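Data block below; observations after.
As the structure is a computational prediction, the values presented were derived from the model and not from experiment.
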Amino acid sequence: DYVEPIDDAMLLENAIRGMVGDLDAHSEFLDANEYQDIRASTSGRYSGVGLEVSSADGMVLVIAPIDGTPAQKAGVQAGDKIVEIDGIVVESNGLDDTIDKLRGRAGTPVEIRVQREDYDDPLTFHLTRQKIQVASVRHEILDQSVAYLRLSQFNDTTADEVRRAIDELMEVAQDQTGNMLTGMVLDLRNNPGGILDSAVDISDLFLDEGVIVSAAGRTPESQFTRMARDGDILDGAAIAVLVNRGSASASEIVAGALQDHERATIVGTRTFGKGLVQTVMPLSKGRAIKLTTSHYYTPSGDSINETGVQPDILIEGSRDYPRQGMTAALDREGDAQLIEALEILRNRPILHSRASD
């Protein structure tokens, strides 16, 4: 009796979407494009022009161009407002649509127009899409032998990026002071999570033994315990982990594991509280279902779902920190949570692990 003709396949897809989506906030049916987006975000690789973008003040704003990408080489800058893509005006609520248009097959052209502060007329950039590797780790030496390591997400490459970053930080500390790293700030603020195995591998870098995370579900595959292997990459150097309400899922696995093993001091505000594991199940025609399959638990056996990880030291922060772009400079005078973490590391002794035989 519906007034317009409607395709049976569309009705069925919508029925499945509604059935799965009503289970919880994290389960969903994915069409081919949505599934491809999930795979791109977890792999850290996609084809596009290399821009971090966000919506702000009713505009689609460039947060930062990724180093070495077509957008960065062409001169697109942080703060540029994207107004047109291939001659089509960008809508104020069109962030997802903008991202879709910027991405595409490597080697294909795209034209973007941006409005830049202090310029009367829009600037036009003719770009060619290429394969992009998204860096999820940013690092630098903060104070003599104290390192800063920020993780923006947990994807397939994050653990390897962290290993390389720490090796570089150790070399810099040795060159500058003649000493090893004495402490590290691990910044997980506004990190929404990602792949569970990535969180386990990163936690394992700083732990010698014990449970990292356990999970319980209805099927044998959804019940597991992940253990740490011997070897602390920092050899006992103190760690302060920064968290806030935007730290979720895999971020909470890392924070919870390091807190329960007394390996790190957690600084900031209570985390988001997503203690659920999702499994992506491929279907035909490039589609998939993302389904919540497990509850996960910290080494102490606590579930953080809807409660979050409570910091050891509660310090309210500003929404300005950390800066959205991975290349943005740190504010060592205005970032209260970072300042507190540095004070902790300066005043905490180094607990070196036992020497190997």
Side-chain angles (χ1 to χ4, degrees), residues 136-151 154 157-188 191 194-214 224-243 247 250-268 296-302 309 311-313 338 341-357:
S136 57
V137 176
R138 181 257 177 90
H139 63 282
E140 65 180 88
I141 293 292
L142 281 179
D143 181 70
Q144 295 182 340
S145 296
V146 176
Y148 173 85
L149 191 69
R150 177 184 167 195
L151 277 56
F154 291 84
T157 66
T158 304
D160 288 336
E161 288 183 61
V162 168
R163 291 187 189 93
R164 290 195 297 269
I166 291 176
D167 286 344
E168 291 178 18
L169 290 165
M170 287 180 169
E171 289 180 8
V172 172
Q174 186 70 36
D175 290 342
Q176 291 184 354
T177 68
N179 298 316
M180 61 178 288
L181 290 176
T182 59
M184 186 181 77
V185 177
L186 179 60
D187 194 346
L188 300 179
N191 182 324
I195 300 176
L196 181 141
D197 285 343
S198 177
V200 170
D201 290 343
I202 289 167
S203 301
D204 191 16
L205 289 175
F206 310 114
L207 297 172
D208 277 318
E209 59 184 2
V211 173
I212 293 174
V213 65
S214 60
F224 55 83
T225 299
R226 302 290 172 84
M227 305 292 293
R229 296 161 295 184
D230 187 43
D232 175 355
I233 194 170
L234 291 180
D235 194 28
I239 303 172
V241 180
L242 298 180
V243 296
S247 307
S251 293
E252 295 172 296
I253 289 176
V254 174
L258 298 183
Q259 183 181 55
D260 283 358
H261 286 288
E262 299 183 349
R263 181 63 186 89
T265 302
I266 312 300
V267 179
Y296 76 72
Y297 301 89
T298 63
S300 62
D302 292 335
V309 174
D312 299 307
I313 299 178
L338 177 62
L342 282 170
E343 283 300 312
I344 291 168
L345 294 176
R346 290 182 183 125
N347 298 316
R348 183 173 173 179
I350 304 170
L351 302 175
H352 290 300
S353 58
R354 65 184 183 278
S356 57
D357 296 330

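For His139, the side-chain hydrogen bond (donor to acceptor under 3.5 Å, both in side chains) partners are Glu168, not counting sequence neighbours. Residues satisfying the side chain to side chain contact (heavy atoms under 4.5 Å, CB included) test with Ala250, not counting sequence neighbours, are Phe154, Ala199. Taking the side-chain hydrogen bond (donor to acceptor under 3.5 Å, both in side chains) definition, one finds that Tyr296 meets it with nothing, sequence neighbours left out. Residues forming a side-chain hydrogen bond (donor to acceptor under 3.5 Å, both in side chains) with Asp201 (at least two apart in sequence, or on another chain): none. Listed by chain and number, the residues in a side-chain hydrogen bond (donor to acceptor under 3.5 Å, both in side chains) with Arg163 are Asp160 (sequence neighbours excluded).
Between Arg263 and Asp232 the shortest side-chain heavy-atom distance falls below 4.5 Å. In this structure the side chain of Leu181 reaches within 4.5 angstrom of the side chain of Ile141, judged on heavy atoms. Residues Phe206 and Val241 have side chains not in contact (no heavy-atom distance under 4.5 Å, counting atoms from C-beta outward). Counting only heavy atoms from C-beta outward, the side chains of Met170 and Leu234 approach each other to under 4.5 Å. Between Val267 and Pro311, the closest side-chain pair of non-hydrogen atoms is not below 4.5 Å. Residues Val211 and Met227 have side chains in contact (heavy-atom distance under 4.5 Å, counting atoms from C-beta outward). When side chains are defined from C-beta on, Leu345 does not count as touching Thr182, because their heavy atoms never get closer than 4.5 Å. Residues Leu151 and Val254 form no side-chain contact, since every pair of their non-hydrogen atoms from C-beta on lies 4.5 Å or further apart.
Listed for the Asp312 side chain is no donor-acceptor partner under 3.5 Å among the backbone atoms of Thr265. Under a 3.5 Å cut-off, the side chain of Asn347 and the backbone N or O of Glu343 do form a donor-acceptor pair. Side-chain N or O atoms of Ser251 include one that pairs as donor or acceptor with a backbone N or O of Asn191 at under 3.5 Å. With hydrogens and angles disregarded, a donor-acceptor distance shorter than 3.5 Å links the side chain of Asp204 to the backbone of Arg229. The backbone N or O of Leu188 sits less than 3.5 Å from a side-chain atom of Ser247, completing a donor-acceptor pair. Between the Asp208 side chain and the Asp230 main chain, no donor and acceptor come within less than 3.5 Å of each other.
Ala228 and Leu207 make their closest contact through CB-CB, 3.8 Å (heavy atoms, listed as atom of the first residue, atom of the second, distance). Considering all non-hydrogen atoms of both residues, Leu258 and Ser203 come closest at CD2-O, 4.3 Å. The two atoms that bring Asp197 and Arg226 nearest to each other are OD1-NH1, 2.5 Å, heavy atoms only. Residues Val200 and Ile212 share a closest heavy-atom pair of O-CD1, 3.6 Å.
For the pair Arg150 and Tyr148, the NZ or CZ position fails the cation-pi test of under 6.0 Å to the six-membered ring centre and within 45 degrees of the ring normal.
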May I have the list of side-chain donor-acceptor pairs in residues 172-179 shorter than 3.5 Å, sequence neighbours left out?
from   : atom 1 : to     : atom 2 : distance (Å)
Gln174 : NE2    : Gly178 : O      : 3.2
Thr177 : OG1    : Ser145 : OG     : 3.1
Thr177 : OG1    : Ala173 : O      : 2.8
Thr177 : OG1    : Asn179 : N      : 3.1

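Salt bridge status for Glu161 with Arg164: absent, with no side-chain N to carboxylate O gap under 4.0 Å.
We find the CD1-CD1 distance between Ile202 and Ile253 to be 10.5 Å, quoted to the nearest 0.5 Å. Separating the CG atom in Leu142 from the CG atom in Leu338 is a distance of 6.0 Å, to the nearest 0.5 Å.
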